[in-house]
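Computed from a prediction, not measured in an experiment: that's the story for all the values here. Numbers restart at 1 for each chain; the letters A, B, ... are given by sequence-line order, proteins then strands.
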Amino acid sequence: MPLNRKIAYIDLTTGDIQTKPIPLEARKKFLGGRGLDAYLLYNHTKKGCDPLGPDNTLIISGGILTATCASATARTHVMAKSPLTGLLGSANMGGFFAPELAWAGFHHLVIKGKAKHPVYLYVHNGKIEIRDARGIWSQSATDSQWAIREDLGDQEVKSCVCGPAGENLVRFANVMTGIKNSGGRTGMGCVMGSKNLKAVAARGTMDIKIARPAEALEYNKRFIDQIVSAKVNQTQGVLGTPFIWGATNSWGGVRSRNFQYNQCEYADDIEPERIDEICEETMGPYHMTGCFGCQVHCRAQYKITDGPYAGRYDEGPEYTSQGAFGGETDTPRATTVLTGNHLVNQFGMDNLETGSLISWAMELYELGIITAKETDGLDLRFGNDEAVIEMIERICYRKGWLADALADGGIAASKKIGKNSFDYLIQVKGMSNLHSDERATPGLALNIATASRGSDHLRSRPAIDLYHLPETVLRKIYSNPVPYDGPLSSEHTEYVGKPWQVFWQENCYMGVDCLGICKYHTTFLGATLPNFEDWSKVLYYNTGLQITPEEIWKVARRCNMLERLFNLREGLTRDDLEKGDMLNHRYFDEPCRRGAIDVVGRKIDKEKFIRMVDELYEHKGLDKDGVPKPETLKELGLENEPSHLI
Amino acid sequence: MSKALYIDYQKCTGCRLCELVCSVSHDGISNPARSRIRVMKWEAEGLYVPMSCQQCQDAPCKLVCPVKAISRDEEKGHVFVDYDVCIGCRSCIAACPFGAMSFNLKEKKVFKCDLCDGTPQCVRFCEVKAVDFIDVDEVSVIKKRSAAKRLSVAGKEASGLEARLHR
């Protein structure tokens, strides 16, 4: 049974390990994955704990459906208090780790304390062992995984690791598994590094009994047919996420030169077709690869064609790397993007944060706010490819004054740099935005401003808003599983109806994250993909749990509220530029300078934006300050948190 | 004409859905250790190779079995184990050159691919057709066609090169 997967509490200071079942009550309230992680984090960390201290709790988990016969249940979730933002730390990744963890008998690992020397955890068929990792420390994200296999004499072991960036306490270090699967964002790899925890390795051969196997199998087939018939997934299966670049950049939705432009010019060399060509030349016609059980296979494989890293194998680059190392820094060259992508994967460092901070530093350099003195002589102009690659390495190893400052994250760096550097930093809650430009899309701007982990596109983005879908189609999507008869607009430059779309997407993404399913299998980039109703069925067929679509919606709301409670406890206030639901002034003051006619000249109207936040709070059951109303907490059964159920 | 599994490892994306559906359809359980098909991986090179039973004509597992528990069904085109006769000595596992025979630790018996009685689930779920189920004689036609393409492309390139050299 998926439901008999256990939870383990591991204290790295004392070496104490306890294994417990997950009570059914907790399952019904939080399902698993990110949702149950949020409950565990809220209950197992104290207010104001040091994110890099032993009291921070690192939680690594799979979803309730991980490794079952639902489709693409590959996702691993990682949660802790973030060393980057001081608020919620939360990262989600594909690959093969979570299924292996489930076959090894576990769904959630709750890790506290700090080991005396580098260690790794070995989870194997119901048992957990703390092993010496001194010989593996300082190795790259991939090499350390292969070294663990050698150490254990088992090539089937799957590990999630922190790379050199995590060891060096870069505050946006990733947890990595496989070649490029990254629990990026909010610095979960940094928390691993702070605990002297190099890796968690898993290997399992324990049965997961499927409640109704025949139905689960047939429903999975239906699910897959639905998923692979969506054009968006067919395109992703050929070009990977870079396919988005062509549309968003030509339209004017891509940040370039930090935030000066909303389109990267002369970008032919990093267009998806060009990257695909390189992948084909270096890896052959079948160069796409996928995560566990997924038929979308959206990851490309490539070898770097030239430059100092020529010949190195990697996977990707994702859309995010095109933006991070091509668009934002105005270095639209394939070699730079592919090399940058490779380096962050090896270092275990967030590509979005890295690229965004480098482009911010470049703007400061061009404005004279920082000079060659701070950059140790590096000519940090926009368009300087070598400088981008050099900065990636410097940040990982904290080489030089500027890189060391940036490695602590944007807000901390802005305090060190001083002057008005903060004004140019494109972040929310201390986390940099990806390379997208939301000035022409109020719905997307509301999403990044209010997302629980900071400026982020994977927590509540109504991405289908960009498709100009007819209102009837929008209404069909957004009035399920709970009714909605308020306004909805097909126009992505509009403000009306967007708060509901953001609220709905937030619950939709929390839903998949609790189940352990990938977002490409739900209403994220495709409007026709499965959501609440289908999840209710796959849950029943695979686990035997009978939960209605409305109940899953409520679980999602409850878990999102827990993340909100955590953030409020750690100091979130509505309009705070460092810790609030507020955008940098540039979104309101600087109009878009490039792009399509419905984009040029657009900026976010601050008054309308504030009204959108008000309305979103209303939908969520928060008061004007963004604090949950007592009746909301009661409705969601959260009035007694922390309740220490588990 | 009997059909056979045709595995083209180059097409494999490494997702291992075949392992999942194999174990769920046979045992109602998700567990790759129970799967008849397994994807062997070299992640550092991006190489994934699905391995399953070749249903050999002169099957070493059949030849080595001391109690004659293994036979070949010509009509279905598969080699199968008669569990009433099998003594669980695992000689077949040792003899198989492909590692296609496995041992179930819980039920204490060997198991192998049975082609799902003519509708292999691994094939049904593999969208990229890295695993296909086709007439045995078709396999060589597919291979001939792809080899011919390679040769003709190479031939054209070679003659082009020659033309340039003698220009």
Chemist: Are the side chains of B:Asn31 and A:Met206 in contact, using a 4.5 Å heavy-atom criterion?
Modeler: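 The answer is no; the side chains never approach within 4.5 Å.
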Chemist: Using heavy-atom distances under 4.5 Å, tell me whether A:Tyr313 contacts chain B through its side chain, its backbone, both, or neither.
Modeler: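 Looking at A:Tyr313, just its side chain touches chain B.
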Chemist: Using heavy-atom distances under 4.5 Å, tell me whether B:Arg34 contacts chain A through its side chain, its backbone, both, or neither.
Modeler: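 Side chain of B:Arg34 only, per the 4.5 Å heavy-atom cut-off to chain A.
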Chemist: Above 12 or not: heavy atoms from other molecules or residues under 6.0 Å from NZ of A:Lys303?
Modeler: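 Not buried by this count: 12 neighbours or fewer within 6.0 Å.
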Chemist: Taking the side chain as every heavy atom from C-beta outward, state whether A:Ile224 and B:Leu17 have any pair of such atoms under 4.5 Å apart.
Modeler: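 A:Ile224 vs B:Leu17: side chains touch.
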Chemist: Check whether B:Cys126 gets within reach of chain A through its side chain, its backbone, both or neither, counting any heavy atom under 4.5 Å.
Modeler: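 Contact with chain A involves the backbone of B:Cys126 alone.
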Chemist: Considering residues, nucleotides and ligands other than B:Tyr9, do more than 12 of their heavy atoms fall under 6.0 Å from its OH?
Modeler: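 Check fails, neighbour count at 12 or below.
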Chemist: For A:Asp225, which atoms come within 4.5 Å of any heavy atom of chain B: side chain, backbone, both, or neither?
Modeler: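 A:Asp225 touches chain B through side-chain heavy atoms alone.
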Chemist: Among B:Ala33, B:Gly14, B:Gly28, single out the residue with the greatest number of heavy-atom pairs under 4.5 Å to chain A.
Modeler: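 Greatest number of close heavy-atom pairs with chain A: B:Gly28.
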Chemist: With a 4.5 angstrom heavy-atom cut-off, which part of A:Thr205 approaches chain B: side chain, backbone, both or neither?
Modeler: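 Both backbone and side chain.
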Chemist: I need the A:Ile208 CD1 to B:Ser23 OG distance, nearest 0.5 Å.
Modeler: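 Between A:Ile208 CD1 and B:Ser23 OG, I get 9.0 Å after rounding to 0.5 Å.
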Chemist: In terms of heavy-atom contacts, does NZ of A:Lys6 have more than 12 from other residues, nucleotides or ligands at under 6.0 Å?
Modeler: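 Open: at most 12 neighbouring heavy atoms sit under 6.0 Å from NZ of A:Lys6.
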Chemist: Applying the side chain to side chain contact (heavy atoms under 4.5 Å, CB included) test to B:Glu43, which of A:Gln155, A:Glu315, A:Arg149 qualifies?
Modeler: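 That would be A:Arg149; it is the only one of A:Gln155, A:Glu315, A:Arg149 passing the side chain to side chain contact (heavy atoms under 4.5 Å, CB included) with B:Glu43.
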Chemist: Just checking heavy atoms, which of residues 93-102 of chain A are less than 4.5 Å from chain B?
Modeler: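 Expected list: A:Phe96, A:Glu100.
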Chemist: Against chain B, label A:Cys69 side chain, backbone, both or neither, depending on which of its atoms sit under 4.5 Å from a heavy atom there.
Modeler: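 When you check distances to chain B, atoms from both the backbone and side chain of A:Cys69 fall under 4.5 Å.
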Chemist: Within this structure, what is the CG-CD1 distance for the pair B:Leu20 and A:Ile210, rounded to the nearest 0.5 Å?
Modeler: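 Going from CG on B:Leu20 over to CD1 on A:Ile210, the span is 7.0 Å.
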Chemist: Can you name the nearest heavy-atom pair linking B:Ile29 to A:Lys209, along with the distance?
Modeler: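 For B:Ile29 and A:Lys209, the tightest heavy-atom pair comes out as CG1-CA, 4.0 Å.
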Chemist: How far apart are the closest heavy atoms of B:Phe125 and A:Gln295, and which atoms are they?
Modeler: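 Smallest interatomic distance, heavy atoms only, reads O-OE1, 3.1 Å.
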Chemist: Need one label for B:Glu45: side chain, backbone, both or neither, based on atoms under 4.5 Å from any heavy atom in chain A.
Modeler: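 Only the backbone of B:Glu45 comes within 4.5 Å of chain A.
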Chemist: Please report the shortest heavy-atom distance between A:Leu217 and B:Ser25, naming the atom on each side.
Modeler: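 Smallest heavy-atom distance, with atoms named: CD2-CB, 3.6 Å.
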Chemist: Within the structure provided, determine whether A:Glu156 and B:Met40 are in side-chain contact (heavy-atom separation under 4.5 Å).
Modeler: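 Heavy-atom side-chain distance check passes, below 4.5 Å.
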Chemist: Please report the closest heavy-atom contact between A:Ile179 and B:Ala44, naming both atoms and the distance.
Modeler: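 Here A:Ile179 and B:Ala44 meet closest at CD1-CA, 4.1 Å.
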Chemist: Between B:Thr13 and A:Tyr286, do the side chains contain an N or O donor and an N or O acceptor separated by less than 3.5 Å?
Modeler: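 There is no such pair between these side chains.
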Chemist: Taking all non-hydrogen atoms of both residues into account, name the closest pair between A:Cys294 and B:Cys15 and its distance.
Modeler: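 Result for this residue pair: O-CB, 3.5 Å.
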Chemist: So, taking the atom named OG in A:Ser229 and the one named CD in B:Glu127, what distance separates them when rounded to the nearest 0.5 Å?
Modeler: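 Spacing of OG (A:Ser229) from CD (B:Glu127) equals 9.5 Å.
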